[in-house]
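Step one of this worksheet: look at the structure below.
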Number of protein chains: 2
Amino acid sequence: MKKKISEMESQFKQYRLTPQRRLVLEIFLENREKHLSAEEIYQLSRQKEEIGLATIYRTLDLLEELGLLSKINFGDGRSRYELIQDGLNDTHNHHHLICLNCGRIQEVEEDLLNKLEEIVERKHHFSIVNHNLQFYGYCNRCNNGRKDL
Amino acid sequence: MKKKISEMESQFKQYRLTPQRRLVLEIFLENREKHLSAEEIYQLSRQKEEIGLATIYRTLDLLEELGLLSKINFGDGRSRYELIQDGLNDTHNHHHLICLNCGRIQEVEEDLLNKLEEIVERKHHFSIVNHNLQFYGYCNRCNNGRKDL
DNA sequence: TTTGATGCAAATGGTTTGCATCGGG
DNA sequence: CCCGATGCAAACCATTTGCATCAAA
């Protein structure tokens with residue numbers, strides 16, 4: 001079910017799967033549930049073989065273009081990326097719960113917006129190709145420690 | 001129905017309503033439907049009396065803190081702000097349709113996420129305080145010119 | 001007169017770009 | 001050999017901050 005690098009290689013077409021690009025991919029495969037920023041990937045890469053930050057940015061652009069990563073904006077001033085698994089859970093098909101206290105990010109697996117999109121498309125004659133949805137609040141862990149809830 | 005500056009003055013409490021702050025407010029009142037960035041406000045202010053960009057940033061923070069503006073992130077690399085009208089249409093209560101072709105931004109007035117939030121809160125034990133939702137696609141004007149639709 | 005507000009310029013932080021170099025096909 | 005890929009440093013751009021000055025209570 002889970003994609004491996006070998007399956008991804010075919011997507012590289014005219015591009016070269018260099019050691020740096022492979023390492024970035026490996027980092028995403030080892031952190032499937034995370035939402036990594038360029039800087040975080042840079043730090044993780046140093047454990048194996050350092051890659052220039054500029055190369056990381058260029059690689060992220062490429063991997064997004066190849067449809068392997070999706071770029072997310074949580075409003076924290078940096079772009080984050082996550083692996084597109086099986087072509088199904090790109091950001092169009094799941095959403096994020098962002099805890100304002102501890103910063104933890106959880107995924108909401110199902111896409112709850114289908115009906116909503118239909119309504120909006122009909123009412124505004126607007127053809128939707130993507131959406132962006134985050135919920136900000138307090139996660140179950142942090143709620144437990146808060147007496148006002 | 002529409003708020004005027006005079007009604008807003010009372011919200012300034014310990015803060016001074018300086019000419020610069022008043023001008024920024026006026027610009028928002030004259031552009032109720034727009035989603036202005038700091039730079040755009042800066043340009044608009046120059047028509048009357050120039051304000052330093054740093055002052056604009058500080059004023060935007062203040063007006064947000066006072067509950068007069070809400071900050072929105074459309075993922076275009078800059079923060080945008082809109083007037084909170086009657087305390088009702090802050091970003092929690094309406095969403096945006098962003099046209100990928102012409103860049104036009106339309107508002108979706110109703111808050112369609114209430115049921116969704118309930119589901120998410122129950123299922124994930126996550127107490128939501130805010131959300132962020134944009135739809136990207138093609139608006140009615142641009143759709144008309146596209147034969148593939 | 002005292003404290004908050006302003007404006008300028010410098011600093012910051014994420015991201016991009018120019019360019020010389022490297023290395024696989 | 002050639003062209004794409006890399007790495008470094010400089011450039012960029014939105015935003016923030018330090019600091020001297022200004023102005024209203």
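Everything quoted here is computed from the prediction, not taken from an experiment. To find a chain, count down the sequence lines: A is the first, B the second, and so on, and within it residues start at 1.
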What is the distance from CZ of Arg78(B) to C1' of dT16(D), rounded to the nearest Å? 17 Å

Categorize Ser79(B) for me: base, sugar-phosphate, or nothing, with a 4.0 angstrom heavy-atom threshold over every strand shown. sugar-phosphate

Figure out the CD/C1' separation between Glu50(A) and dT6(D), and round it to whole Å. 13 Å

Could you tell me how far apart Leu17(A) (CG) and dG4(D) (C1') are, to the nearest whole angstrom? 14 Å

Less than 4.0 angstrom from a charged side-chain N to a carboxylate O is my criterion; do Lys115(B) and Glu121(B) meet it? no

Nearest-Å distance, CG (Leu66(A)) to P (dA5(D))? 11 Å

Roughly how many Å is it from CD1 in Ile56(A) to P in dT6(D), rounded to a whole number? 11 Å

Is it true that Glu107(A) and His35(A) share a donor-acceptor pair across their side chains at a distance under 3.5 Å? yes

Output yes when Lys123(A) and Glu117(A) qualify as a salt bridge under the 4.0 Å nitrogen-oxygen rule, no when they do not. no

Can you find a side chain N or O atom of Ser37(B) that sits less than 4.0 Å from OP1 or OP2 on dA14(D)? no

Which part of the nucleic acid, if any, lies within reach of Arg58(A) when heavy atoms closer than 4.0 Å are counted: base, sugar-phosphate only, or nothing? base

Taking dC19(D), dT15(D), dT15(C) as options, the one with an atom nearest any side-chain atom of Leu53(A) is dT15(C)

From C-beta outward on Arg16(B), which listed nucleotide comes closest to its side chain: dA5(C), dT15(D), dT6(C)? dA5(C)

Among dA5(C), dC8(D), dT15(D), the one nearest any side-chain atom of Ala54(A) is dC8(D)

Could you check whether Glu82(B) pairs with Lys71(B) (Lys NZ or Arg NE/NH1/NH2 to Asp/Glu carboxylate O, under 4.0 Å)? no

Among dT15(D), dT15(C), dA9(D), which is the nearest nucleotide to the side chain of Ala38(A)? dT15(C)

Please determine, for the side chain of Arg21(A), which listed nucleotide (dC8(D), dA14(D), dT6(D)) has the closest atom? dT6(D)

Go through dG7(D), dA24(D), dA5(D) for me and flag the one nearest to the Gln20(A) side chain. dG7(D)

Once you round it to whole Å, what is the distance between P of dT15(D) and CG of Leu36(B)? 13 Å

Tyr57(B) has a side chain; which of dT6(D), dA5(C), dA14(D) sits nearest to it? dA14(D)

Measure the distance from CG on Leu62(A) to C1' on dT6(D) and round it to the nearest whole Å. 14 Å

Ignoring backbone atoms, test whether Thr55(A) places a side-chain nitrogen or oxygen under 4.0 Å from the OP1 or OP2 oxygen of dG7(D). yes

Please report the distance, rounded to the nearest Å, between CG in Asp76(A) and C1' in dG13(C). 12 Å

Between Glu40(A) and Arg80(A), does at least one N-O distance fall below 4.0 Å, as a salt bridge requires? yes

